[in-house]
Every structure is written in C-alpha cells, then in structure tokens.
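Small disclaimer: the values here were computed from a predicted structure and weren't measured. Because only heavy atoms are used, hydrogens play no part in the values below, and waters and symmetry mates are left out as well, while side chains stay in. Numbers restart at 1 for each chain; the letters A, B, ... are given by sequence-line order, proteins then strands.
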2 protein chains.
Amino acid sequence: MKRPTIADIAREAGVSKGAVSYALNGQPGVGETTRARIVAIANAMGYRPNTAARALAGGAAKVVGLTLHRPPKTLGVEPFFMELISGLEAELSTHSYGLLLQMVPNHADEIAVYRRWWSDRSVDGVLLCDVRTDDARIDALRELQLPAVVVGPPTASGDLACIWSDDGVSLVEAVEYLAALGHRRIARVSGLSDLAHTAVRTEAFAAVSARLGLTDAVTIATDYTGEGGARATRRLLSSPTRPTALLYDNDIMAIAGLSVAQQMGLSVPADLSIIAWDDSPICRLVHPPLTALSRDIAAYGTHAARLLLAAIAGEPVTSVQDELAHLNPRGSTGPARR
Amino acid sequence: MKRPTIADIAREAGVSKGAVSYALNGQPGVGETTRARIVAIANAMGYRPNTAARALAGGAAKVVGLTLHRPPKTLGVEPFFMELISGLEAELSTHSYGLLLQMVPNHADEIAVYRRWWSDRSVDGVLLCDVRTDDARIDALRELQLPAVVVGPPTASGDLACIWSDDGVSLVEAVEYLAALGHRRIARVSGLSDLAHTAVRTEAFAAVSARLGLTDAVTIATDYTGEGGARATRRLLSSPTRPTALLYDNDIMAIAGLSVAQQMGLSVPADLSIIAWDDSPICRLVHPPLTALSRDIAAYGTHAARLLLAAIAGEPVTSVQDELAHLNPRGSTGPARR
DNA sequence: CTGAAAGCGCTTACAG
DNA sequence: CTGAAAGCGCTTACAG
C-alpha cells in the first residue's frame, strides 16, 4: 500500500540504507554484484525515490526551471516558446526531470527567482532565453553557481554554455535568395533590438547588404507584435523608394505585414516579396503562404535540455551549435518586378 | 550567509521550533502576540521556508501541476494554452506557488503522472483540461484524493469543482447574429468531437438551428488543426448548396478556412461570412479581420488557479461560471447575399 | 497556550 | 567494500 522506501529495500536485500542509496545512484561504495541485486529488488518493489527527501538531503531536485516573460502582447501568439517547451519536456521526462515554470516581469525579478530556486534547492538548473547583450542574469547565475544553459548566441553567453543556431548564416541565405530574384531594395523588420540574436541578424544584414551593394537596406526595430510589424510595414511601404522585399524577424509580424501590403493594394509576390523568420503552421494558412526560415524548434529544446542535464551532472559542457534555419520558399516570394 | 531556518528564528525569538512553525503557518498553538513577534523576526531575517523540508514533513509542496498533451500539430499554434498558463501563473506566484509542467501522450500516462506526483507530494493539486465526456482522469483523481479543478463544463466534471464558460450561450449569440444578417445556410467546423465543450457547442448549435428553422445546419468535426479546418471548409464550400456562413471552433481553423475560401474565388464577407471561436491577435492580422467570439483567457486561468488554491486549502469549493465569450464583429461577417 | 521530541526519506561523511 | 549514524528543515502528535 505504502510506497517502498530505501529502508524497505535495505531490509529486503539485507543491507544498510546507505548501501541502497549508493547502489541506486551509481555511486562507489558498493560492489557490482550487490548493486545489481539491490537494483533488481528496487525495481521489483516499484521503488521511486521521494524527491523532497532527496532534495532535503542535498541531492538533486530532479526539476529544471524556466522563466518566461510576462506576456507582452505577443505571448500566446509566438509559437516559439510552446514548441521549445514541448521539446524540452520530451527530453526532461525521459530522465524523470520536471519542468518548473515561472512568469517574471523583468530581469531583476527573474534573478530573484533564481536565487530563491537555488537556496530552496527546488531546481537543479535553469535555462536562459532571450539574452541581451550585457545581460545581468549571466553574472547572477555564475555567482549562484546554478547550472545554467543559454538558449542563444555565444556572444552574449559569458561563461555559460549555450545552444544556438547561427542566425547570421540563415539571414544571408535569405537575402541572397531575394537578390537572386532581382530584388535590390530589401528592408528588414526586426524584433527587440537589445536581444542578442537580433543584434546578430542586424549585423549580418548590414554585412550582406554591403557586399551585394544593396544601398537601401534598412532595419526597423519593433517589439515582435503584429501591431508593431504592421506599423513598420506601413512606414516602409509609404516610402517613395519603397522596398520590393521585406524580411521579418518572426512569423506574426510577417503575417501582419502581408495584410498591410494587401490593404495598400500591393500584390504579393508580384509587387512585394515577404519572408518570415520562424515557420509555424500559420505561415501555410495565409494566402499566399509565406516563404519562411524554418527550423525544428522542438528539437532545439530537446538539445537544450540535454545540454543542461549534462551540466547538472557535472559533465564538462561546451556550447553547441544547432541546425541552421533554412529557407523554405513558398508563394510569398517571387522575382522583382522590373 | 546561510539562509535562516526556523531554528534560527526560534533561537532569536526565544521559543521552540514548533512554535515558529505554528506561528508562520497560521496554525493555532501560539498566542497572537507571540505570533506577531515571531512573524516580525522571520521577516526581518528574510526567512523563506525550505519547500523540500516542508514537503517531506507532510506539508504543502507549494506547487501545482499541469499536464499538456504532447503536441498534436496544433500545439505551439493555439494560443489558448499559453494564455491560460500565463493567467494561472500570475495568480500562483502571488501565493508563492510554482507551476510544474509535464507533457503526456495520453490519458493513461497522464494518470500515472498524477499518481507519481501525489505519492511524491511534489504537487498539492492539479488542473484538468480538455475533459471528455466520460473522462477516466476524473475517477482516478477522486480516488487519489488529489485536489483538482476541471477547466471545462460541469457536465463532464463529475465530483470535481470546475471553472467554465457557457459555450452554448455564446454559440447561440453567434448564430442569431448570422441569422439576423440574413444567413440561412450556416455550417460549423468543430474541434475534437469527444471533448466535453465540443459536445456542448454541438448541442447548442443543433438546438438554435432547429429553433430558427435553419435546416442545412451541419457540423463537421475535425482535429483543431489548420489542415483539418481547410479540408472541412473545402468540403463544405464544394457542396451545391454551400453555406453562406461558417463558424469555426478555434482561430487557427478559421484562418485556414478564410484562406481556402479566397483560393476558391469567394469573397469574404460578400460571398461567405466567417466567425472564429477564441480571439487571438492573429484574428486581427488577416484580411479581412475575423469576427470572433472573444474572452479573456488569462483571466480564466487566474480564476482557475484561485479555485484550485481554495481546494488545496481545504475550503469548500463549488464550480464557478466564468464570463461568457461574446461576439466581436469585424470584417469577416456581413449580410447574406440574396 | 507552549515546549521537547519524533519522524518524513533520503545522502554522505565517518568508522570499521 | 560495507554498516551505523547524523543530519537536511520542516510538521505534528504528544505531554506539560
């Protein structure tokens, strides 16, 4: 009736509780044959460790923490996080790890949460998203010695290991594709400009534009919302030398931009080509379907979880570069009208 | 340096550890004046309880559990859950509660997760979403005596308290609006038919159609995905007596339907009116913007959390009816062409 | 109303 | 390699 404890297993196996603990945790201090016997008995009894007891005694909490920024209007819209979480969880649960979620209004509160989690031992490690250049959270985490992995570019990760995808390369692929279609006036609608990955993209955009001699290449920074994307689009398309192609930093803004273009009487892709970064199912639902920079975000999450678990286990971890987002051409891009 | 424990507070206050525990937890067993003094000292020392120790000693884990179904293709798309989670968390964190998230492939695994959480004491209660008529999870939860609240209609909640919104009323509002615009052939594209709230809507749709004498009122059940919505729409619009108005059970399907209609050369709303259930920002981004049944999903989550916390606290809880979704007319609906 | 004590189920030095 | 023991920080009967 009652769930078995290590004491029950110890009695059954005729050893001490300590021996059971060592055996089950793969620690030295018990012979291989006894270990095997103990593990067999534990399985037979359906033993599952009590996480609270383990955490209290200084062991692992078997929980990983993730903070999310309290919804700017985009949350609940950007599919990115939900997909990331889904991938994270897939990996975590195979290792019997839980995912603790907490909304935070800002970085200061986020750091306070980390501090509490750490002194509570309620999480064994955390994942850091949306890093900014010069992000205070990085130092705080290092100081706490809380195992952490950054989901973002190494340029902003400090000493922490990170998992990232080289957005610069993907951006160049997209711009070169547009250039090959004859576009000379290409503009970009970016997300929040203080995010590290936005900076990477902005830099790459400037570089490739210079290389290709695209003199009108501007970036308008927004807040990732549909409204922000619509406003930026309206402004760009109202220019006397309006661009013939637009690149958006997320799918929501691209869809908003498409709608604005159509309202302004422009035909996509005849008058204007559009590319979205991040390819959620919505991109295929609009008309015309959006050409997008796609990648497997759930897999990204899975790899992030794997890296974090390794860091928690005390293994030496180094930053890993994930698969690049690559261009998925659909109906929203076409040759530049001459 | 080290975080203070009740032992530190007890020493400081000149009382026993037990007294501190009683004082801090609002339990009887300590006088009001001593209680006030102890609380003051605890605050001054920056005391925060260790959740692991508390859980181990049989107290509250201060964590609430939520399972999500491993992504059908809709996840990461339907904004509903992200908004719900955001609202949940807002309430939970003001009570120092955490939210533990776990993906599950099916109900059997979900029940196993509840069982584990319960014997672990790793959560104090759970929230149940997407209930089906005759849902095995309800019985399992009652058997475990795990405090739980259903996010869904009382018809499928068994003995559990639920928080719900009367979808039947909202559906009638939408259909009557269409009828007032002169529509006689109205069809509905529903979500998964075994979900309890789908059943509520389907029933209401049949009833109001009969009352208004709309003989062609059919419901096609899908899986909530854009593809499913597109397929259903194509089928409906290919009929010789095609409907002049369509009602979709979520925003994703409505957007897909809009796109299909436009591809088939129909003009919205001149040839076809469209209404979406659940009003995410995307509904305003497409062209024409979608008329939608809106409600504040984050508030819904907040209320759900409040109800669950009351249940956990052992207060008597009864099901509460949340705000109705109401019609938000936009460009996708108009008079029926005669 | 208050205090001293046992116990929750683990982990980990510490002796053998 | 193994065992006996202390301790993690709480809660809660149980005596006074």
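Using a 4.0 Å heavy-atom cutoff across all strands shown, B:T51 reaches no nucleic acid atom at all.
Electrostatic pairing of A:R295 and A:E323 does not count as a salt bridge here, judged by no charged N lying under 4.0 Å from a carboxylate O. Taking the charged nitrogens against the carboxylate oxygens, B:D139 and B:R142 do have a contact shorter than 4.0 Å, which makes a salt bridge. Between A:R11 and A:D8, at least one side-chain N (NZ, or NE/NH1/NH2) sits under 4.0 Å from a carboxylate O, which counts as a salt bridge.
With rounding to the nearest 0.5 angstrom, the CD1 atom of B:I9 is 8.5 Å from the CD1 atom of B:I38. Taken to the nearest 0.5 Å, the CH2 atom of A:W117 stands 9.0 Å off from the CG atom of A:L146. Taking CG from B:D130 and CZ from B:F80, the interatomic distance works out to 7.5 Å, rounded to the nearest 0.5 Å.
In the set C:dA4, C:dC10, D:dG9, C:dC10 carries the atom at the smallest distance from any side-chain atom of A:T5. For A:Y22, taking side-chain heavy atoms from C-beta onward, the closest of the listed nucleotides C:dC10, C:dA13, D:dT2 is C:dA13. Taking every side-chain heavy atom of B:A57 into account, D:dC10 is the closest of D:dC10, C:dT11, C:dG3. Nearest nucleotide to the A:I6 side chain, out of D:dG9, C:dC10, D:dT11: C:dC10.
A:E91 and A:H303 share no side-chain donor-acceptor pair at under 3.5 Å.
Between B:G18 and A:E32, the one whose closest nucleotide on DNA chain D sits nearer the 5' end is A:E32. Nearer to the 5' terminus of DNA chain D, by closest-nucleotide assignment, is the contact made by B:N50 (compared with the other of B:N50 and B:A19).
With rounding to whole Å, B:R37 atom CZ is found 10 Å from C:dT2 atom P. At whole-Å resolution of the value, CD in B:Q27 and P in C:dC1 are 13 Å apart. Rounded to whole angstrom, the span from the OH atom of A:Y47 across to the C1' atom of C:dG9 amounts to 7 Å. Nucleotide C:dC10 holds its P atom 13 Å from the CZ atom of B:R121, rounded to whole Å. Here D:dT11 presents its P atom at 5 Å from CZ of B:R54, a figure rounded to the nearest Å. With rounding to whole Å, A:I9 atom CD1 is found 17 Å from D:dT2 atom C1'. For A:N25 and C:dA13, the CG to P distance is 13 Å, given to the nearest whole Å. Between the NZ atom of A:K17 and the C1' atom of D:dG3 there is a distance of 12 Å, rounded to whole Å.
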Exercise. Dot-bracket for DNA chain C, please, read 5' to 3', with Watson-Crick or G-U wobble pairs under 3.5 Å on both distances, ( ) within the strand, [ ] crossing, | other strand, . unpaired.
Key: |||.||||||||.|||
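Between B:S21 and D:dT11, a side-chain N or O to OP1/OP2 separation shorter than 4.0 Å is present.
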